[in-house]
J.: 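Sharing a structure here in structure tokens format.
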Amino acid sequence: MKKILFLSILTMSVLSASAQDATVTIQANEGTDKIHKEIYGQFAEHLGSCIYGGLWVGENSPIPNTQGYRTDVLNALKALQVPVLRWPGGCFADEYHWMDGIGPRNQRPSMKNNNWGGTIEDNSFGTHEFLNLCELLGCEPYISGNVGSGTVEELAKWVEYMTSEDGTPMAKLRQQNGRQKPWKVKYLGVGNESWGCGGNMRPEYYADLYRRYSTYCRNYDSNRLYKIASGASDYDYNWTKVLMNNVGNRMNGVSLHYYTVTGWSGSKGSATKFDNENYYWTLGKCLEIEDVIKKHCAIMDEKDPKKHIGLLVDEWGTWWDEEPGTIRGHLYQQNSMRDAMVAALSLNVFHRHTDRVRMANIAQVVNVLQSMILTDQVGTGHMVLTPTYHVFEMYKPFQEATYLPTTVNCEQLTVRRDINKEVVKGDAGSYRTLPAICASSALKADGSLVISLTNVSVDKKKEVAVEINKLLNEKGKERSLKDVTARILSCKNITDYNDFEHPDRVKTEGFKDFKLKKNKLTVKIPAKSIVVLEVK
């Protein structure tokens, strides 16, 4: 591993006369925007064992299943209250022809997954299986349409097949295949990564294709599509500019992809073997997504100042080297407490920009990249919840709560990379700076507050003073908070992770190390920990 130097800088102005290490100030009466529940979206691609062996095993599997879906995985996802699930890709989407995935499963043609390891797939998981899964989970489906290798007619007929009620040719075909009523399908992606695996297009060319394809993706009966253009990869601001100029309000949303990748020389680094300096560098890279979002939003604001068009970060998360001994191209990686930190910090960023960020989909839900769940690779039926799963579970109270402006005064940590070494694409340079304490807060519909506090330090416990300003009741008078419940996600070592032999090495627990007095919380947060408090 290339050498990284670590420096800790204490900003002299941040400490009050008290002994607190940090101050978090919440403006409880200034919230205006709800945190869209879709920010907690998931992503399932035909990649490795995400679908087959992860979500789907078939009705005849010895692994306990519900209508072919793994029962343990299904129940774990229900517990997360997944709001939206994106499928079938990813890069896979632009080689996927939906007609191959309908009808009797034993008559469906096989295909080669050219993007991910050359795996031969039997198409036993198709449109019906995906949309029925969404119904079981109670979530919105997000369909990624094939623009790269497909046709306008193909995508138009897919929309008709899924959403037309009666009488049309595709509705009749759906009914012949066993589904009488149409599904509700709100989100439709018109292509994926059209600048890369989705066709290597120029933005001007894609903009014209979007206009054409989206024209024929119609609203049938009571179904209303939210059409999403294939947007930029991280720092490609020109792509967003061209789409805003050439497509504009013909799209309901535009996507953005951003991965936390920190490796050098072709290696992304190990998911579980890293030092403290690499850990801090990773969190610095993670937090750069905020600057990326701001720049894309500024471009969108020029053409859409009222923010009618949403920004959807529909692929995000960490990306490490595949685990040794796993199939190349299947992107199976472990998930440590470092990944949980990336999840918490990223979600905090999305909260701050919920006026424009309408959805985010972590990549991916099972067995791929920064997943919620890992299942065994030999078919014995084991399942483990990752540290990232626990972050999403702890953060559920933020869904549809009103974001509250929150400021943090704390120590600033600076990581310096050796300037003589290469810099990966998009790096800010040789330095990254991040706060030792990260926070987010929101007001729930019942009047209670939810507050997340993250201590990113690997070795220092932090005492944090949380000041809640001007929390008002229905009559406009300031009210007092009286009750606090909290949970913590922590670990012994920042490299800790859960596996089939140790499924609970990293798990949530009840947390009591806080005091509430006159709407001021004092919280003592252990090193490398995430705390979520609900205050009434």
Side-chain angles (χ1 to χ4, degrees), residues 43-48 50-52 86-103 107-131 141-163 169-170 173 185 187-218 225 227-233 236 239 242-243 246-247 250-251 254-255 257 312 314-315 329-331 361 363-364 368:
F43 173 30
E45 183 170 4
H46 287 250
L47 199 174
C50 180
I51 302 294
Y52 301 106
R86 181 173 179 247
W87 174 86
C91 293
F92 181 83
D94 283 285
E95 288 196 5
Y96 181 67
H97 300 284
W98 68 272
M99 292 283 285
D100 293 340
I102 60 173
Q107 296 178 21
R108 298 178 189 178
S110 297
M111 66 172 291
K112 185 176 182 179
N113 192 331
N114 294 306
N115 288 289
W116 306 117
T119 303
I120 302 299
E121 302 206 19
D122 64 4
N123 275 312
S124 59
F125 189 95
T127 299
H128 288 247
E129 290 75 21
F130 171 68
L131 293 177
Y142 174 180
I143 296 288
S144 289
N146 183 348
V147 171
S149 69
T151 65
V152 172
E153 180 184 15
E154 181 181 22
L155 186 53
K157 285 185 175 179
W158 197 9
V159 172
E160 179 188 331
Y161 184 90
M162 294 184 290
T163 64
M170 291 300 102
L173 180 59
V185 177
Y187 297 105
L188 178 70
V190 183
N192 166 77
E193 293 191 358
S194 297
W195 40 263
C197 64
N200 286 306
M201 303 175 195
R202 296 177 300 109
E204 294 82 3
Y205 179 73
Y206 171 74
D208 285 343
L209 277 185
Y210 175 88
R211 292 163 66 111
R212 182 183 176 213
Y213 273 69
S214 64
T215 298
Y216 295 96
C217 294
R218 304 186 187 281
L225 294 171
K227 300 175 187 178
I228 302 159
S230 175
S233 174
D236 187 355
W239 188 279
V242 171
L243 262 58
N246 294 5
V247 177
R250 288 181 174 85
M251 57 188 177
V254 59
S255 69
H257 291 179
L312 292 82
D314 60 16
E315 288 189 31
H330 281 196
L331 306 190
N361 308 76
Q364 294 184 12
V368 174

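Everything quoted here is computed from the prediction, not taken from an experiment.
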J.: Identify the heavy atoms of Leu188 and Leu225 that sit nearest to each other, and give their distance.
T.: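 Taking every non-hydrogen atom into account, CD2-CD1, 4.1 Å.
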
J.: Quick one: OG on Ser230 to CG on Asp94, what's the gap to the nearest 0.5 Å?
T.: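 One finds 7.5 Å between OG of Ser230 and CG of Asp94.
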
J.: Determine whether a donor-acceptor pair (N or O, by modelled atom type, separation under 3.5 Å) exists between the side chain of Glu154 and the backbone of Asn146.
T.: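 Here the side-chain-to-backbone pair does not exist.
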
J.: To check you understand the geometry: which heavy-atom pair defines the closest contact between Glu160 and Met170, and what is its length?
T.: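 Heavy atoms of Glu160 and Met170 come nearest at OE2-N, 2.9 Å.
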
J.: Is Arg250 reaching over with its side chain to a backbone N or O of Tyr210, donor-acceptor style, under 3.5 angstrom?
T.: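 No; judged by distance alone, with no hydrogens or angles, the pair does not exist.
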
J.: Could you tell me whether a side-chain N or O of Ser144 sits under 3.5 Å from a main-chain N or O of Asn192, the two making a donor and an acceptor?
T.: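 Such a contact is absent between Ser144 side chain and Asn192 backbone.
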
J.: Could you tell me whether the side chain of Cys91 reaches within less than 4.5 Å of the side chain of Glu193, counting heavy atoms only?
T.: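 Contact flag for Glu193/Cys91 side chains = yes.
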
J.: With side-chain contact (heavy atoms from CB on, under 4.5 Å) as the test, pick out the partner of Pro203 among Val242, Val247, Asn246.
T.: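 Only match with Pro203 under side-chain contact (heavy atoms from CB on, under 4.5 Å): Val242.
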
J.: Under a 4.5 Å cut-off applied to non-hydrogen side-chain atoms, are Pro141 and Phe130 in contact?
T.: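 Yes. Closest side-chain heavy atoms under 4.5 Å.
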
J.: Which heavy-atom pair separates Met201 from Trp239 by the least distance, and what is that distance?
T.: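 Here Met201 and Trp239 meet closest at O-CZ3, 3.5 Å.
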
J.: Is a donor on one side and an acceptor on the other found under 3.5 Å between the side chain of Trp87 and the backbone of Gly126?
T.: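 Not a single qualifying donor-acceptor pair exists.
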
J.: Within a strict 4.5 Å, meaning less than it, do heavy atoms of the Asn113 and Asn115 side chains meet?
T.: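 Answer yes - side chains close enough.
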
J.: Backbone N or O of Pro109 within a donor-acceptor pair of the Asn123 side chain at under 3.5 Å?
T.: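 Pair found, side chain donor or acceptor close to backbone of Pro109.
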
J.: Walk me through whether Met251 and Ile228 qualify under side chain to side chain contact (heavy atoms under 4.5 Å, CB included).
T.: CA-CA 6 Å; Met251 57 188 177; Ile228 302 159; over 6 Å; no

J.: Give a yes or no answer on whether the side chain of Glu45 reaches the backbone of Cys50 with a donor-acceptor pair at less than 3.5 Å.
T.: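 Pair absent, no side-chain N/O of Glu45 close to backbone of Cys50.
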
J.: Under 6.0 Å from the NZ atom of Lys227, do we count more than 12 heavy atoms belonging to anything else shown?
T.: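 Buried by this count: over 12 neighbours within 6.0 Å.
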
J.: How close do Ile51 and Ala44 get, heavy atom to heavy atom, and via which atoms?
T.: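 Result for this residue pair: CD1-CB, 4.1 Å.
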
J.: Kindly compute the distance separating CG (Leu243) from OG (Ser255), expressed to the nearest 0.5 Å.
T.: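 OG of Ser255 is found 8.5 Å from CG of Leu243.
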
J.: Please report the interatomic distance CG(Leu173) to OH(Tyr161), rounded to the nearest 0.5 Å.
T.: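 Between Leu173 CG and Tyr161 OH, I get 5.0 Å after rounding to 0.5 Å.
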
J.: Taking the side chain as everything from C-beta on, heavy atoms only, tell me whether Tyr206 gets closer than 4.5 Å to Val190.
T.: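 Yes, at least one pair of side-chain atoms sits under 4.5 Å.
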
J.: When rounded to the nearest 0.5 angstrom, what is the spacing between OH in Tyr216 and NZ in Lys157?
T.: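 Between atom OH of Tyr216 and atom NZ of Lys157 there are 14.0 Å.
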
J.: Please step through side chain to side chain contact (heavy atoms under 4.5 Å, CB included) for the pair Glu121 and Phe92, ending with a clear verdict.
T.: CA-CA 12 Å; Glu121 302 206 19; Phe92 181 83; 4.0 Å; yes

J.: Under 3.5 Å, is there a donor on one side chain and an acceptor on the other for Trp158 and Thr127?
T.: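 Yes, because at least one side-chain N or O of Trp158 sits under 3.5 Å from a partner of the opposite role on Thr127.
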
J.: As an exercise, state the distance from CG of Asn200 to OH of Tyr205, rounded to the nearest 0.5 Å.
T.: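 Asn200 atom CG to Tyr205 atom OH measures 12.0 Å (nearest 0.5 Å).
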
J.: Tell me if a side-chain donor or acceptor on Tyr52 pairs with a main-chain N or O of Phe125 at a distance below 3.5 Å.
T.: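 Looks like yes, one N/O pair under 3.5 Å.
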
J.: If I compare all heavy atoms of Glu95 with all of Met111, which pair ends up nearest, and what's the gap?
T.: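 Residues Glu95 and Met111, closest heavy atoms: O-CE, 3.8 Å.
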
J.: Look up atom CG in Leu331 and atom CG in Leu47, then write down how far apart they are to the nearest 0.5 Å.
T.: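 With rounding to 0.5 Å, CG (Leu331) is 5.0 Å from CG (Leu47).
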
J.: Once the angle between the rings of His46 and Tyr96 is folded into 0 to 90°, is it parallel (under 30°), tilted (30 to 60°) or perpendicular (over 60°)?
T.: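 Answer is parallel, since the angle falls under 30°.
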
J.: For Asn361 and Tyr142, test the side chains for any donor-to-acceptor distance below 3.5 angstrom and give the result as yes or no.
T.: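 There is no such pair between these side chains.
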
J.: Looking only at non-hydrogen atoms, find the nearest pair between Arg218 and Val159 and report the distance.
T.: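 Taking every non-hydrogen atom into account, O-CG1, 3.4 Å.
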
